[in-house]
Amino acid sequence: MKVLIADQFSPKAIEELKAAGLEVIYDANLNGDTLTACLAEKKPAVLVVRSTKVQPPQIDAGIPELKMVVRAGSGYDTIDTAYAKEKGVAVCNTPGINATAVAELVFAHILNADRRISENVTLFRQGKWNKAAYASCPGLKGRTLGLVGFGNIGLLVANRAHAFEMEVMAYDPVVKAEVIEKTGTKYVTDLMDIAKNCDFVSIHVPGGNATKGLISKEFIAAMKDGATLINTARATVVDEEAMIEKCKAGKLFACLDVMSNEPAVKKGDFTHPLSAVENIYCTHHIGASTLQAESAIGDEAARVVMTFSKSGEILHQVNK
Ligand SMILES: NC(=O)c1ccc[n+]([C@@H]2O[C@H](COP(=O)([O-])OP(=O)(O)OC[C@H]3O[C@@H](n4cnc5c(N)ncnc54)[C@H](O)[C@@H]3O)[C@@H](O)[C@H]2O)c1
Ligand SMILES: O=C(O)[C@H](O)COP(=O)(O)O
């Protein structure tokens with residue numbers, strides 16, 4: 001069976017796939033038209049991707065040989081799952097496997113926002129010393145973190161926040177109140193309670209139409225002055241314009257691992273409007289990018305592919 005891997009992927013997992021007798025084609029730089037051309041030429045049975053988009057042109061180029069797309073990660077809003085289903089292509093992900101890496105990044109952002117570490121470092125590099133300017137950072141103990149979404153990542157962020165002795169509240173209409181409360185987290189049924197009461201708000205819902213604009217203009221307006229919004233989920237969840245305006249007014253800090261018009265290049269120069277806004281701190285969509293997560297994701301994605309190749313069983317299908 002032929003497997004095309006079109007994104008950066010664990011070398012160990014590639015070896016596992018080869019050892020299982022699969023023909024592996026690995027090109028981490030495929031994207032858009034180059035991915036379409038490669039699918040048309042190689043005709044793999046399985047395509048493995050990370051955030052690389054898989055849309056009708058790619059699916060059409062792969063069928064009828066293409067039977068499965070494995071999203072080596074959690075969010076699959078970059079894949080046209082409905083179209084894939086229509087064409088008989090299963091889409092699978094690796095749920096929960098990169099959650100620890102994302103929860104750790106959330107805390108890197110929270111600590112950075114509270115203690116202004118990146119500004120400190122930049123000034124120091126410029127030969128500027130300003131201890132006084134950073135004397136009044138509030139600290140985390142006793143402050144309130146609101147979680148929008150309490151799935152795999154939300155839970156791990158809550159656990160870490162409790163270790164920092166923060167108050168935590170969560171909004172997730174699917175997860176039962178007792179599951180949330182058992183972790184020492186306050187369960188709220190009104191999303192606006194998160195906006196009004198939290199010093200930090202961290203978003204952990206999937207992307208896609210169902211959550212588009214969930215963190216609305218009204219939500220952002222209701223947030224406390226000086227609060228911090230952390231988005232490691234998807235840009236579509238947040239009203240970006242309202243967020244930028246409040247940041248520009250000096251009333252909000254935004255820590256973003258995801259943004260609209262994420263640079264299309266896999267590596268290289270880019271221009272992005274958010275890079276000019278002072279109170280916005282962006283990372284390069286690195287939530288899942290630890291060696292630990294990449295290795296675990298590789299193992300799980302390889303398990304999905306090998307199970308399919310051995311028995312035809314489809315694990316973690318998201319477009320049944
Ligand atoms: N930055 C990164 O590198 C990175 C890495 C992993 C995941 N992610 C993103 O984070 C998202 C969440 O990941 P996860 O592993 O925790 O997913 P998950 O499926 O385990 O949890 C998502 C939770 O969101 C809840 N939810 C859905 N709609 C909601 C709504 N309208 N309001 C409140 N809660 C809602 C669900 O009930 C579920 O509990 C992914 O879908 C992905 O988009 C980003
Ligand atoms: O949903 C996910 O798993 C993340 O957004 C990670 O994306 P990546 O695999 O491109 O790093």
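Both counts, for ligands and for their atoms, begin at 1 and track the order of listing. Only this structure's heavy atoms are used, side chains among them; waters, hydrogens and symmetry mates stay out.
For atom 5 (O) of ligand 2, the nearest non-hydrogen atom of the protein is His285 NE2, 2.7 Å. Looking at atom 2 (C) of ligand 2, its nearest protein heavy atom turns out to be Arg71 NH2, 3.3 Å. Considering only non-hydrogen protein atoms, atom 21 (O) of ligand 1 sits nearest to Gly151 CA, 3.3 Å. Closest to atom 22 (C) of ligand 1, if we only count protein heavy atoms, is His204 O, 3.5 Å. For atom 31 (N) of ligand 1, the closest heavy atom belonging to the protein is Leu214 CD2, 3.8 Å. Distance from atom 1 (O) of ligand 2 to its nearest protein heavy atom, with residue and atom name: Gly75 N, 2.7 Å. Protein heavy atom in closest approach to atom 11 (O) of ligand 2: Arg50 NH2, 2.8 Å. Atom 28 (N) of ligand 1 has Thr211 CG2, 3.9 Å as its closest protein atom, hydrogens excluded (heavy atom only).
Relative to atom 44 (C) of ligand 1, the option among Val148, Leu191, Thr232 with the closest non-hydrogen atom is Thr232. When Gly73, Ser74, Ala235, Ala170 are checked for heavy-atom proximity to atom 15 (O) of ligand 1, Ser74 turns out nearest. Among Ser289, Pro206, Gly96, the residue whose heavy atom lies closest to atom 41 (O) of ligand 1 is Pro206. Closest heavy-atom approach to atom 30 (C) of ligand 1 within the set Val174, Asn93, Thr94, Val205: this belongs to Val205.
Under a 4.0 Å heavy-atom criterion, Ala288 is in contact with ligand 1. Judged by the shortest distance from any of its heavy atoms, Ala233 lies inside the 4.0 Å radius around the atoms of ligand 1.
A donor-acceptor pair under 3.5 Å is formed between the side chain of Asn130 and the backbone N or O of Ala133.
Contacts with ligand 2 closer than 4.0 Å are made by no heavy atom of Val258, backbone or side chain. Under 4.0 Å from ligand 1, the heavy atoms of Asn98 that appear belong solely to its side chain. Under 4.0 Å from ligand 1, heavy atoms of Tyr171 appear from its side chain as well as its backbone. Under 4.0 angstrom from ligand 1, the non-hydrogen atoms of Asp172 come from both its backbone and its side chain. Contacts of Arg234 with ligand 1, taken as heavy-atom pairs under 4.0 Å, involve the side chain alone. Neither the backbone nor the side chain of Gln8 has any atom closer than 4.0 Å to an atom of ligand 2 (non-hydrogen atoms only). The part of Ala288 lying near ligand 2 is the side chain, judged by heavy-atom distances below 4.0 Å.
Looking at Glu16 and Lys12, a side-chain N of the basic residue comes within less than 4.0 Å of a carboxylate O on the acidic one, giving a salt bridge. Between Asp114 and Arg143 there is a salt bridge, since at least one side-chain N of the basic residue sits less than 4.0 Å from a carboxylate O of the acidic one. Salt-bridge formation is not detected for the pair Lys186/Asp193: no Lys NZ or Arg NE/NH1/NH2 atom is positioned less than 4.0 Å from an Asp or Glu carboxylate oxygen. A salt bridge links Glu294 to Arg50: at least one charged side-chain nitrogen sits closer than 4.0 Å to a carboxylate oxygen.
Looking at Ser216 and Asp239, their side chains never bring a donor and an acceptor atom within 3.5 Å of each other. Using modelled atom types and a 3.5 Å distance limit, the side chains of Gln58 and Asp60 yield no donor-acceptor pair.
Atom numbering of ligand 1 starts at 1 in the shown order; those under 4.0 Å from a heavy atom of Pro173 are 32 (N), 33 (C), 34 (N). The atoms of ligand 1 that sit less than 4.0 Å from any heavy atom of His285 are 1 (N), 2 (C), 3 (O). Those atoms of ligand 1 with a heavy atom of Asp257 less than 4.0 angstrom away are 1 (N), 2 (C), 3 (O). For ligand 2 and Ser51, the ligand atoms under 4.0 Å from any heavy atom of the residue are 7 (O), 8 (P), 10 (O). Atoms of ligand 1 lying under 4.0 Å from at least one heavy atom of Val175, given by number and element, are 39 (O). Near Gly73, meaning under 4.0 Å from any of its heavy atoms, are these atoms of ligand 2: 3 (O). Close approach of ligand 1 to Val102 (heavy-atom distance below 4.0 Å) involves ligand atoms 4 (C), 5 (C), 6 (C).
Val49 and Ile314 sit in two unconnected hydrophobic clusters of ILVMFWY residues. Membership requires side-chain heavy atoms under 4.5 Å apart, directly or through other members.
Counting heavy atoms from C-beta on, the side chains of Ile25 and Asp27 never come closer than 4.5 Å. Contact annotation: the side chain of Pro44 never approaches that of Val3 to less than 4.5 Å [non-hydrogen atoms, C-beta and beyond]. At least one side-chain heavy atom of Ile220 sits less than 4.5 Å from a side-chain heavy atom of Lys246. Residues Lys141 and Phe164 fail the side-chain proximity criterion, which asks for heavy atoms closer than 4.5 Å.
Protein heavy atoms are found inside the 4.0 Å sphere centred on atom 24 (O) of ligand 1.
Ring planes of Phe253 and Tyr281: tilted class, angle from 30 to 60°.
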### Task
Start with the C-alpha gap between Val24 and Ile5, add the side-chain angles, then the distance that decides, and say whether side chain to side chain contact (heavy atoms under 4.5 Å, CB included) holds.
CA-CA 7 Å; Val24 179; Ile5 302 173; 3.7 Å; yes

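A centroid separation of 6.0 Å or more is found between the aromatic rings of Phe150 and Tyr171.
The NE2 atom of His285 lies 10.0 Å from the CG atom of Leu105; values are rounded to the nearest 0.5 Å. Atom-to-atom distance recorded for Lys224:NZ and Asp199:CG is 3.5 Å, nearest 0.5 angstrom.
The shortest N or O to N or O distance between Ile153 and ligand 1 is under 3.5 Å. For ligand 1, the polar-atom distance check finds an N/O of Asn152 within less than 3.5 Å of one of the ligand's N/O atoms. An N or O contact shorter than 3.5 Å links Ser74 to ligand 2 by distance.
Remark: Arg303 fails to qualify as a cation-pi partner of Phe308 under the 6.0 Å distance and 45° angle criteria applied to the six-membered ring.
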